[in-house]
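Have a look at the structure below before the remarks.
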Amino acid sequence: MTPASATPGPAPTSCATTASPDFGLDLTGEGWRFRTGDDLAWADPAHSDADWQSWSVPDNWGQTELSTYDGFAWYRRTFTLPARPEGVTDSAVVAAIGLIDDADQTFLNGTEIGRTGAFPPNFDSTWEVPREYYPTDGLLRWGATNVLAVRMYDGTGGGGFYKGPVGLYSKSRLRELSGLTGTPATPKQLAHACAVLERQHRAVAAGDLRAYAATLDRDFFHQGDTTARRLAEVRALSGRTPTLTLRDAQAEVIVDAQGRLVVDTIRSWVAADGTTLLPPTRELLHLDPRRPVELGDHARFFRDDYDSTAMGRRVQFNVYLPKSYTRTVNKRFPVVYMLNGFNGSNIEWEARDMDAVLDRLVADNDLEESIVVFPDGQSGWYVDTSVGNYRSMITKEIVPLVDGAYRTIADREHRGVSGVSMGGHGAFTVGLSHPELFGSIASHMGALSFPPLIGTPAERAANASQQPIAMVNARTTEQLSRYRYYFDGGDSDEYRFGEAARQMSLALAAKGVRHDYQGGPGRHDDAYWMPKLDRSFGLHSEQFRAHPYPQEREPHRPVSRYDWP
């Protein structure tokens, strides 16, 4: 493990410190320079940007004169760092660059420190991904002038800095910004945390899964992993290398309000030849302060991933678990699959704080508690093409994976599909194509009159029948009546999806099929559809409650000795 920087207070152990010093330099607001166009010479700190526009971030082009601009642009910020605070090393500072619409390449003092998404010709929109980059030691100029240069590309809609924070921060300041507070760990607590981590490292290096399992609590649950699932993942990684190494870098330990030890670490899994099998990831590990075990974070909204045969790569999906999920051991839950719109992904729901939205939705509307799964549909229109087998990814891989990994009620009556824009199109086409999987369909401002706009000309022709209104017209009343439906669309929708929703209502009415349709004023934006989530989830809830499910009794013992969110 890489020792973290020394800090005031209790002496650091060989593997962790009490916490990084509280350091932060907020770079939001005025003081930036901006121009459209592209030239890598603009990353040079010596480049003169005197003729660039004065600018402020976050800026969100959708609300400025750049709302119709698609292309490259650069941001530069010249700033002075204070003298180096005691105990701060460059590698312990995180450059938080916020959310950028759509892709970026970021330079600090002329050196690239990170990039997210991809520029043309292989454009990849990642507007929803928080940027956190780690400068190498020696890169920051303490007590002197520094230059941050951000090269970005906007491919469609919006553009610019969508959201902060933007600045240079220690991990302790980032924890504070995210609402995680605690007190410094004592030397004894540090030693306890390091002992747990080192036991895990030794067990993994020895290939001893039983010893690794002994470091996990009886009720371990971390980012969707139970003990059994975590062991299966470690076994799969071990099968790829003669020796597997687990590493934790820059580990910092604090004590939360309930006395749990929280280890803020950069964790990676490395092969014998030094190849990183899983990218280094910042994780918050929760440890029992009295026993040498990891508790897991018992998170209810997180990213899951797996190796997808359909996509030929590792793919992500997000999972939301209702409040009673981590407080029970036997209870099973219905599932709603929520499909993203064009140029989106599973991570866009994090930017919308969808976990808090769903918690309020259930509490305020007495809705059925449900697991909600957010696949990464990118811009694939939820069909199978040479661009990606998005339909097969969901129906053949994610649905059975979720049913196997989580306590779902694995039948069509307790499985619904919702979507937004392109995702609304997908909700209808995936749902209607798979009556064995889904019992309710919901679309918010969906592209219901479009065929899938993806793939080669031959693939587009082959998928032309996957047009929601045409699919409804081609089915019998009996086939259509197997589902419950909700859909909406605003009368000022820029893509005329409000008119498409009206046409869908007419098509279903002509077949005598009941449905919940809402039109009315609204554009193609979050302000229109998000207030209508009570309608779509209300529809799914009605479907689930129409098919009561007998639950197993819960054990008398408490699931955990701690309270979790």
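Numbers for residues simply follow the sequence, beginning at 1.
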Any side-chain to backbone donor/acceptor pair from [X] onto [Y]? Under 3.5 Å, distance only.
{"X": "R415", "Y": "L437", "answer": "yes"}
{"X": "T241", "Y": "S238", "answer": "no"}
{"X": "N389", "Y": "S392", "answer": "no"}
{"X": "Q258", "Y": "D563", "answer": "yes"}
{"X": "E397", "Y": "T309", "answer": "yes"}

R545: side-chain hydrogen bond (donor to acceptor under 3.5 Å, both in side chains) partners, not counting sequence neighbours
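Result, side-chain hydrogen bond (donor to acceptor under 3.5 Å, both in side chains) vs R545: E368.
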
In chain order, what residues pass the salt bridge (charged side-chain N to carboxylate O under 4.0 Å, His left out) check against D534, with sequence neighbours excluded?
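Testing D534 for salt bridge (charged side-chain N to carboxylate O under 4.0 Å, His left out), a comparison that skips the adjacent residues, returns none.
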
Residues in salt bridge (charged side-chain N to carboxylate O under 4.0 Å, His left out) contact with R553, at least two apart in sequence or another chain:
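Expected list: none.
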
Per the side-chain contact (heavy atoms from CB on, under 4.5 Å) rule, which among V253, I254, D297 passes with V262?
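The single option meeting the side-chain contact (heavy atoms from CB on, under 4.5 Å) with V262 is I254.
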
Please name the residue in the list V263, T17, L190 that meets the side-chain contact (heavy atoms from CB on, under 4.5 Å) test with E252.
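The option that passes is T17.
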
Is the shortest side-chain N to carboxylate O distance from R300 to D359 below 4.0 Å?
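A salt bridge links R300 with D359.
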
Can you find a side-chain donor-acceptor pair between [X] and [Y] that sits under 3.5 Å?
{"X": "H425", "Y": "S443", "value": "no"}
{"X": "H298", "Y": "T326", "value": "no"}
{"X": "S440", "Y": "Y486", "value": "no"}

Ring centroid separation for F302 and H222, is it under 6.0 angstrom?
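Not close enough - the centres of the two rings lie 6.0 Å or further apart.
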
Holding to side-chain contact (heavy atoms from CB on, under 4.5 Å), I want the full list of residues that pass it with T408, two or more places apart in sequence or in another chain.
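T408 satisfies side-chain contact (heavy atoms from CB on, under 4.5 Å) with V335, I371, V402, D403, Y406, A410 once adjacent residues are dropped.
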
Under the side-chain contact (heavy atoms from CB on, under 4.5 Å) test, residues paired with Q551 that sit two or more places apart:
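Counting only residues at least two positions away or on another chain, Q551 forms a side-chain contact (heavy atoms from CB on, under 4.5 Å) with K331, R332, I409, Y549.
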
Once you measure the plane-to-plane angle for H414 and H547, does it fall in the parallel (<30°), tilted (30-60°) or perpendicular (>60°) bin?
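If you compare the ring of H414 with that of H547, the planes turn out perpendicular.
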
Can you confirm whether N318 sits close enough to F301 that some side-chain heavy atom of one is under 4.5 Å from a side-chain heavy atom of the other?
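Yes, side chains in contact.
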
Kindly state each residue pair satisfying ring pair (Phe, Tyr, Trp, His ring centres under 6.0 Å) with at least one member in residues 256-295, sequence neighbours excluded.
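Checked against ring pair (Phe, Tyr, Trp, His ring centres under 6.0 Å) - neighbours excluded - the pairs reaching residues 256-295 are H286-W564.
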
Go through it in stages, so that I can follow the logic: the residues are Y325 and F333, the test is ring-ring contact (aromatic ring centres under 6.0 Å, His included), and I'd like the CA-CA distance, side-chain angles, deciding distance and then a yes or no.
CA-CA 8 Å; Y325 188 96; F333 299 83; 5.5 Å; yes

